[in-house]
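Residue numbers run from 1 in the order of the sequence given. All values derive from a computational prediction rather than experimental measurement.
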Amino acid sequence: MSELRTITIDEVAQHSDEESCWIIIHGKVYDVTKFLEEHPGGAEVITQMAGLDSTAEFDDVGHSKDAMEMAKEYLIGKLPEDEVPEVKALVPPTPAQPVAKPSALKEFLTSSTFANIWIPTTMGIGIYVFYKCVLKSQAVSVY
(Lines give C-alpha, C1' and ligand atoms only; values in the text may rest on other atoms or scores of the structure.)
Protein backbone atom coordinates (compact mmCIF):
# COMPACT_ATOMS: atom_id res chain seq x y z
CA MET A 1 0.00 0.00 0.00
CA SER A 2 1.35 3.42 -0.90
CA GLU A 3 1.96 6.10 1.71
CA LEU A 4 -1.06 8.34 2.32
CA ARG A 5 -0.84 11.97 1.27
CA THR A 6 -0.61 14.44 4.16
CA ILE A 7 -3.47 16.95 4.13
CA THR A 8 -3.78 19.86 6.55
CA ILE A 9 -6.91 20.79 8.47
CA ASP A 10 -6.99 24.09 6.56
CA GLU A 11 -7.09 22.21 3.24
CA VAL A 12 -9.89 19.94 4.50
CA ALA A 13 -11.87 23.01 5.61
CA GLN A 14 -11.90 24.26 1.98
CA HIS A 15 -13.97 21.19 1.00
CA SER A 16 -17.09 21.86 3.03
CA ASP A 17 -20.09 21.58 0.74
CA GLU A 18 -21.90 19.17 -1.58
CA GLU A 19 -19.63 20.10 -4.50
CA SER A 20 -16.55 18.84 -2.65
CA CYS A 21 -17.13 17.20 0.71
CA TRP A 22 -14.18 16.04 2.81
CA ILE A 23 -14.36 14.85 6.39
CA ILE A 24 -11.83 13.73 8.98
CA ILE A 25 -12.26 10.50 10.95
CA HIS A 26 -9.55 9.35 13.36
CA GLY A 27 -6.95 11.61 11.73
CA LYS A 28 -7.66 10.31 8.22
CA VAL A 29 -9.19 12.41 5.45
CA TYR A 30 -12.02 11.09 3.31
CA ASP A 31 -13.49 12.60 0.14
CA VAL A 32 -17.13 11.52 0.52
CA THR A 33 -18.54 13.73 -2.23
CA LYS A 34 -19.59 10.76 -4.39
CA PHE A 35 -21.02 8.95 -1.34
CA LEU A 36 -23.43 11.70 -0.25
CA GLU A 37 -26.44 10.41 -2.18
CA GLU A 38 -25.75 6.82 -1.13
CA HIS A 39 -25.49 7.53 2.60
CA PRO A 40 -28.35 5.74 4.40
CA GLY A 41 -28.84 8.68 6.77
CA GLY A 42 -29.02 11.17 3.91
CA ALA A 43 -26.52 13.65 2.51
CA GLU A 44 -27.30 16.32 5.12
CA VAL A 45 -25.89 14.20 7.94
CA ILE A 46 -22.49 14.26 6.26
CA THR A 47 -22.57 17.78 4.84
CA GLN A 48 -23.15 19.18 8.35
CA MET A 49 -19.68 17.86 9.20
CA ALA A 50 -18.06 18.71 5.86
CA GLY A 51 -14.58 20.17 6.22
CA LEU A 52 -14.46 19.21 9.91
CA ASP A 53 -13.36 16.40 12.18
CA SER A 54 -16.36 14.08 12.51
CA THR A 55 -14.73 11.28 14.51
CA ALA A 56 -16.96 11.61 17.57
CA GLU A 57 -20.14 11.75 15.46
CA PHE A 58 -19.02 8.77 13.33
CA ASP A 59 -18.21 6.70 16.42
CA ASP A 60 -21.34 7.79 18.28
CA VAL A 61 -23.62 6.43 15.56
CA GLY A 62 -22.02 3.02 15.88
CA HIS A 63 -21.25 2.32 12.23
CA SER A 64 -20.98 -1.34 11.23
CA LYS A 65 -17.76 -3.04 10.18
CA ASP A 66 -19.09 -2.94 6.61
CA ALA A 67 -19.41 0.86 6.83
CA MET A 68 -15.87 1.15 8.14
CA GLU A 69 -14.63 -1.12 5.35
CA MET A 70 -16.55 0.94 2.76
CA ALA A 71 -14.94 4.13 4.10
CA LYS A 72 -11.55 2.91 2.87
CA GLU A 73 -12.79 3.48 -0.69
CA TYR A 74 -13.01 7.23 0.02
CA LEU A 75 -9.72 7.58 1.94
CA ILE A 76 -7.51 10.23 0.32
CA GLY A 77 -5.01 11.18 3.00
CA LYS A 78 -4.14 11.77 6.62
CA LEU A 79 -3.62 14.77 8.87
CA PRO A 80 -0.15 15.73 10.04
CA GLU A 81 0.48 14.20 13.49
CA ASP A 82 0.43 17.60 15.19
CA GLU A 83 -3.02 18.44 13.72
CA VAL A 84 -4.90 15.28 14.72
CA PRO A 85 -7.63 16.51 17.07
CA GLU A 86 -8.06 14.89 20.45
CA VAL A 87 -11.35 13.03 20.34
CA LYS A 88 -13.45 12.93 23.45
CA ALA A 89 -16.04 10.19 23.69
CA LEU A 90 -19.61 11.43 23.63
CA VAL A 91 -20.71 10.30 27.07
CA PRO A 92 -24.01 11.49 28.46
CA PRO A 93 -23.53 13.55 31.62
CA THR A 94 -24.35 11.80 34.85
CA PRO A 95 -26.79 13.67 37.08
CA ALA A 96 -25.34 15.08 40.30
CA GLN A 97 -28.37 13.97 42.27
CA PRO A 98 -30.71 11.06 41.61
CA VAL A 99 -33.73 12.10 39.61
CA ALA A 100 -37.01 11.45 41.40
CA LYS A 101 -39.32 9.19 39.43
CA PRO A 102 -42.74 10.74 38.85
CA SER A 103 -45.71 9.09 40.52
CA ALA A 104 -47.81 6.59 38.60
CA LEU A 105 -50.72 9.07 38.50
CA LYS A 106 -48.51 11.86 37.15
CA GLU A 107 -47.04 9.49 34.51
CA PHE A 108 -50.55 8.49 33.45
CA LEU A 109 -51.85 12.06 33.31
CA THR A 110 -48.90 13.17 31.16
CA SER A 111 -48.91 10.10 28.92
CA SER A 112 -50.11 10.05 25.34
CA THR A 113 -52.64 7.36 26.32
CA PHE A 114 -54.45 9.82 28.56
CA ALA A 115 -54.32 12.62 26.03
CA ASN A 116 -55.32 10.53 23.02
CA ILE A 117 -57.88 8.18 24.54
CA TRP A 118 -59.27 9.30 27.88
CA ILE A 119 -59.80 12.98 27.16
CA PRO A 120 -61.81 12.43 23.92
CA THR A 121 -63.75 9.56 25.53
CA THR A 122 -64.67 11.70 28.53
CA MET A 123 -65.71 14.55 26.25
CA GLY A 124 -67.88 12.15 24.23
CA ILE A 125 -69.61 10.85 27.35
CA GLY A 126 -70.21 14.42 28.55
CA ILE A 127 -71.74 15.43 25.22
CA TYR A 128 -73.93 12.30 25.24
CA VAL A 129 -75.20 13.02 28.78
CA PHE A 130 -75.88 16.66 27.85
CA TYR A 131 -77.77 15.54 24.71
CA LYS A 132 -79.89 13.09 26.73
CA CYS A 133 -80.72 15.78 29.30
CA VAL A 134 -81.81 18.17 26.54
CA LEU A 135 -84.00 15.47 24.95
CA LYS A 136 -85.52 14.62 28.33
CA SER A 137 -86.33 18.28 29.06
CA GLN A 138 -87.93 18.67 25.63
CA ALA A 139 -90.01 15.52 26.15
CA VAL A 140 -91.23 16.76 29.55
CA SER A 141 -92.23 20.19 28.20
CA VAL A 142 -94.34 18.62 25.40
CA TYR A 143 -96.79 17.06 27.88
task: Identify whether Val61 and Ile23 are in the same connected component of the hydrophobic contact network (ILVMFWY, side-chain heavy atoms under 4.5 Å).
output: no
- prompt: Do Asp31 and His15 come close enough that some side-chain heavy atom pair is under 4.5 Å?
  reply: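 The answer is no, as the side chains (C-beta and beyond) never meet within the 4.5 Å cut-off.
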To the nearest 0.5 Å, how far apart are [atom1] in [X] and [atom2] in [Y]?
| X | Y | atom1 | atom2 | value |
| --- | --- | --- | --- | --- |
| Glu83 | Glu11 | CD | CD | 10.0 Å |
| Ile127 | Thr122 | CD1 | OG1 | 11.0 Å |
| Tyr30 | Lys72 | OH | NZ | 8.5 Å |
| Asp59 | Ser54 | CG | OG | 9.0 Å |

Throw together a table of side-chain donor-acceptor distances under 3.5 angstrom for residues 43-51, partners on residues two or more places apart or in other chains.
residue : atom : partner : partner atom : Å
Glu44   : OE2  : Gln48   : NE2          : 3.2
Thr47   : OG1  : Ala43   : O            : 3.3
Thr47   : OG1  : Glu44   : O            : 3.3

query: Where do Pro80 and Thr8 come nearest, in terms of heavy atoms and distance?
result: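 Minimum heavy-atom contact is CD-CA, 4.1 Å.
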task: For residues His26 and Thr55, report the shortest heavy-atom separation together with the two atoms involved.
output: N-OG1, 2.7 Å
task: Please test Thr33 against Glu18 for side chain to side chain contact (heavy atoms under 4.5 Å, CB included), starting from the C-alpha separation and ending with a verdict.
output: CA-CA 6 Å; Thr33 310; Glu18 291 181 9; over 6 Å; no
field: ring-ring contact (aromatic ring centres under 6.0 Å, His included) contacts in which one or both residues fall within residues 61-82, not counting sequence neighbours
entry: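 Residue pairs with at least one partner in residues 61-82: Phe35-Tyr74, Phe58-His63.
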query: Hydrophobic clusters join Ile, Leu, Val, Met, Phe, Trp and Tyr when side-chain heavy atoms are under 4.5 Å apart, directly or via other members; which others share one with Trp22?
result: Ile7, Ile9, Val12, Ile24, Val29, Ile76, Leu79, Val84
